[in-house]
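Take a look at the structure set out below.
Residue numbers begin at 1 in each chain, while the letters A, B, ... track the order of the sequences.
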Amino acid sequence: MPSSFRRLDEPGRQWIQVQIDGQTVRVAAGETVAAAILASGIQSCRTTPLSGQPRAPFCMMGVCFECLMEVDGTPNRQTCQIPVKEGMQIRRQLGRGRGYI
Amino acid sequence: MKSEVIIIGGGLMGLSTAVHLGLRGVKATVLEKDSPGRHASGVNAGGLRQLNRHMDEIPLTIAAAEIWKNIRSLVDRDCDVEFNGQLRVAETQEELNTLQKRVGALQAKGYSHERIIDKDTLYRLVPQLIAGCVGALYNPDDGSARPFHATSAFRYKASALGAKIHSKVEVQSIDKITGGWQLNTNQGTYTAVNIVNCAGAWANKIACAFDESVPLTPKAPMLMVTERLPPFLKPVVGAVGHKLSFKQMQNGTVIIGGAHLAHLDMQQQKTEINFAKLKTSAQTVSTFFPHMANVRIVRAWAGIEAFMPDNIPVISASSKADGVFHAFGFSAHGFQLSPIVGRIISQLILDGQTELPIKPFDIRRFQSG
Amino acid sequence: MAHHQLVIIGGGPAGLAAATTAANAGVECLLIDEQASPGGQVYRAITDIPPQRAKLLGPDYQYGRMLVEDFNASKAIHQPSTTVWSLDAQREIGILHNNQAALLRADRVIIATGAMERPVPFAGWTLPGVMTAGAGQILLKSAGIVPNNGVVVAGSGPLLLLLAWQYMHAGVTINAIVDLSPKRNFWTALPHLPRALLAYHYLIKGLKYQLELKKAGVPFYSGVADLCALGKESIEAVEFTHNGGRKRIETPLLMSHFGVIPDSHLSRSTGCHHYWSPSQLCWRATIDPWSNSSIEGIAVIGDSAGIGGAVAARHAGRLAGLESAHLLGCIGSKERDEKAHQDRRWLAEDLHVRPFLEALFRPAPNLLAEPENDTLICRCEEITAGTIRQAIEDGHRDPNQIKFLTRCGMGPCQGRQCDNAISQLVAHELGNDIEKNEGYRIRPPIRPLTIEQLADLHEAGEAK
């Protein structure tokens with residue numbers, strides 16, 4: 001499935017590498033983890049702990065808490081508020097069994 | 001409006017009294033100045049604890065535990081009860097000795113509901129507990145319920161039995177009239193033969209109307225709750241040497257209490273979290289459960305509760321006024337007692353006596369001379 | 001404990017203007033902002049945005065640069081990347097910066113937390129691929145990220161057109177613009193039109209966007225109702241009622257927008273008095289003409305006190321800055337009033353357009369108060385409108401009781417997404433005024449804080 005988002009072709013973008021669910025992904029420096037996820041074609045960042053519904057970033061401004069993911073080992077981070085960093089370990093929070101959120 | 005019994009306060013004690021009266025055919029009227037369960041009843045930690053109670057409360061707590069075990073038969077709902085035990089951790093041999101002494105004293109009186117568990121059993125029950133603790137006081141039959149669900153269940157049942165529950169009705173003064181009492185409220189007057197004072201943190205105001213003021217202090221103990229975590233803990237954990245109440249709910253969140261107090265403005269009925277003090281609770285949690293370090297607190301709050309100087313409640317007939325009864329001052333551990341307290345008060349009203357030993361809770365203990 | 005004369009919370013136009021004005025009048029002031037750079041949501045990324053992207057955003061956005069330059073030139077201290085998780089009535093402020101929590105105090109506090117999108121529950125609003133228009137704007141402003149494969153923009157409000165217009169210039173395929181403002185809004189808005197013409201530039205801008213979009217052939221649907229997003233793992237299509245029939249449009253993205261409301265979580269948790277605004281359909285802080293709240297020493301300014309937009313926020317910010325300078329003894333009341341004169345006039349002029357916009361873009365009443373029983377109201381705890389209706393039927397008569405009973409509003413977002421909806425749903429079911437039923441009592445920390453951060457809580461300015 002093609003990505004729902006793309007980055008505008010802007011000169012001078014800096015690129016870094018992060019790990020998303022163990023895969024090395026090139027993302028733009030300065031963007032948030034949530035933005036990077038969306039631009040990388042990832043549909044959902046987690047499933048809900050109650051019914052297992054897929055969810056994705058919704059408000060991008062820190063008020064909806066839908067964009068929670070595991071960042072560098074810590075679950076439930078608000079990824080729309082965290083800038084990407086070189087080598088960052090990002091994981092989706094999938095499955096009710098994990099119990100997070 | 002005339003009623004045989006008016007209960008002031010729509011918290012658990014008042015609603016439980018209404019249920020027990022209803023079961024014996026008396027349709028009480030409950031006057032609640034806010035909404036049922038708005039204060040201590042609805043927002044406490046929901047502990048069903050017999051463990052480590054004041055000696056005088058033990059007959060009541062045991063009788064209450066019997067009711068909780070089959071709470072559905074009383075109120076038709078299970079109130080989300082769980083019986084995964086409660087324990088009180090000893091960090092040193094000295095603390096364990098104190099606990100052992102208590103168990104000895106209890107056994108001498110014929111009580112067997114509390115027992116000592118050794119280190120291995122403790123770590124089997126609480127694997128995430130910091131290493132180095134030596135044992136604990138334990139009651140496997142203790143547990144927890146969801147406080148607002150319990151309050152609501154008592155409320156539904158009381159209504160089903162014919163009780164009238166009025167929210168936003170605040171009693172402003174009480175007058176003696178022939179054959180009973182007239183209660184003047186912000187919503188008109190009510191009359192009754194009997195009055196039950198279950199007004200919690202506001203109970204002294206009612207007691208004063210009968211000229212029996214009590215040294216009641218309203219306080220607002222703080223609680224906090226975390227985000228959901230994978231299941232890691234069944235029993236409710238307390239500690240001998242620290243203020244701690246630590247419990248993982250069925251939904252994965254962890255409720256943390258520690259009896260540290262919020263700022264309280266009784267005039268405005270407003271509590272304000274004191275983070276400098278709540279910090280102590282977080283430190284205690286870090287000490288006992290280091291794996292909680294990165295867990296997020298999503299909410300902190302405080303309910304307004306009545307504390308007595310001796311930390312045991314008033315459960316008695318009035319010493320000054322006919323047909324008046326008191327049940328208040330539970331000093332932040334009344335939740336578990338509520339089903340039995342309602343029964344006791346209903347017995348006092350209808351039979352003039354109860355089989356349970358309530359003398360230590362008499363209101364006269366605060367009256368000089 | 002670290003102490004400041006004035007602490008301003010929020011670095012959008014209101015906060016920046018307040019800080020600049022107060023600092024220039026001699027007040028020692030600290031501006032705390034969640035973002036890494038000043039500007040707020042409206043001027044997000046203004047300081048480091050690539051020129052090409054800035055051009056896409058239009059001239060209004062560029063104005064933010066001046067605000068930031070003035071702020072930088074002032075003596076106000078800027079503390080970026082810092083969240084405020086608590087503010088009490090004694091003006092003790094809990095902050096989190098670099099993973100460290102601290103407490104500080106101020107003689108005066110100005111809350112300038114701005115606005116958030118009005119959360120409106122509709123069928124499918126939790127599906128991946130459904131986002132707010134504000135989210136679309138943030139992606140564009142701060143990261144230069146746009147829809148790749150088409151987008152539907154739906155709802156009501158000026159931002160909808162602006163986003164579509166910006167997307168069009170960025171070469172994005174707009175599958176449709178779906179206007180959910182009820183058609184009768186035009187007639188209720190009409191009496192406000194003469195006054196709105198006093199601020200005609202706003203109206204001209206709106207018309208310009210609309211004309212350009214139509215000229216470009218973007219499909220427009222107006223007078224639409226019953227919007228829903230369909231899909232399994234993510235959105236596949238939107239469906240809505242238009243001209244009496246159901247219309248379906250395939251789309252991998254839906255940006256929805258129903259206007260903005262104040263981000264009042266902080267002012268409400270502090271205990272400032274709020275009232276329900278029937279025209280803006282949200283809780284608003286009760287403030288005086290200088291934006292002072294009901295609590296001594298705490299002001300609520302700009303969009304966080306009621307939606308007026310970026311220009312009005314800037315003027316309100318200046319007024320609050322002058323008032324603070326006056327109350328802190330830096331300027332006399334005469335100087336304050338003289339300096340306030342222009343801003344007060346401009347503020348009034350700018351607000352002329354609001355009653356018209358509020359009436360024109362007012363969301364349909366049934367959209368807010370009558371969600372279907374199986375629509376999720378609380379996204380976090382997955383509580384449906386049906387569950388809430390059942391709780392009401394069982395005798396739980398206000399949002400707080402329903403929260404205790406159902407956990408609606410107890411999840412990680414702490415009720416931000418269901419707060420407005422539940423207030424309206426409860427009032428509708430009970431047939432009473434929203435204000436009669438107390439809104440959610442907001443509990444701190446209003447931003448999650450870890451056990452370790454709280455355990456290490458220290459007083460700002462001191463070593464741990």
Can you pull every donor-acceptor pair closer than 3.5 Å across chain C and chain B?
from: C:Ala89; atom 1: N; to: B:Glu272; atom 2: OE2; distance (Å): 3.0
from: C:Glu381; atom 1: OE1; to: B:Arg228; atom 2: NH2; distance (Å): 2.9
from: C:Glu381; atom 1: OE2; to: B:Arg228; atom 2: NH1; distance (Å): 3.1
from: C:Gly395; atom 1: O; to: B:Arg155; atom 2: NH2; distance (Å): 2.4
from: C:His396; atom 1: NE2; to: B:Tyr156; atom 2: OH; distance (Å): 2.6
from: C:Gln401; atom 1: OE1; to: B:Arg155; atom 2: NH1; distance (Å): 3.4
from: C:Gln401; atom 1: NE2; to: B:Ser35; atom 2: OG; distance (Å): 3.3
from: C:Leu405; atom 1: O; to: B:His149; atom 2: NE2; distance (Å): 2.7
from: C:Met410; atom 1: O; to: B:Arg299; atom 2: NH1; distance (Å): 2.9
from: C:Gln414; atom 1: NE2; to: B:Val298; atom 2: O; distance (Å): 2.5
from: C:Pro444; atom 1: O; to: B:Ala300; atom 2: N; distance (Å): 2.7
from: C:Leu449; atom 1: N; to: B:Ile297; atom 2: O; distance (Å): 3.3
from: C:Leu449; atom 1: O; to: B:Ile297; atom 2: N; distance (Å): 2.6
from: C:Ile451; atom 1: N; to: B:Val295; atom 2: O; distance (Å): 2.9
from: C:Glu452; atom 1: N; to: B:Ala293; atom 2: O; distance (Å): 2.9
from: C:Ala455; atom 1: O; to: B:Gln283; atom 2: NE2; distance (Å): 3.1
from: C:Leu457; atom 1: O; to: B:Lys279; atom 2: NZ; distance (Å): 2.6

Subject >> Residue part contacting chain B, namely of C:Ala101, when any heavy atom lies under 4.5 Å >> reply: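 Interface part for C:Ala101: neither.
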Original post:
So how far is it from B:Phe289 CZ to C:Ile451 CD1, rounded to the nearest 0.5 Å?
Top reply: 11.0 Å
Original post:
Measuring from B:Phe148:CZ to C:Ile402:CD1, what's the distance to the nearest 0.5 Å?
Top reply: 9.0 Å
Subject >> Part of B:Val43 lying under 4.5 Å from any heavy atom of chain C >> reply: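 Contact with chain C involves the side chain of B:Val43 alone.
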**OP:** Under 4.5 Å heavy-atom distance to chain C, tell me which part of B:Ile256 shows up: side chain, backbone, both or neither.
**Re:** side chain
Subject >> Nearest heavy-atom neighbours spanning B:Ile273 and C:Pro444 >> reply: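 That closest heavy-atom pairing would be CG1-CG, 3.9 Å.
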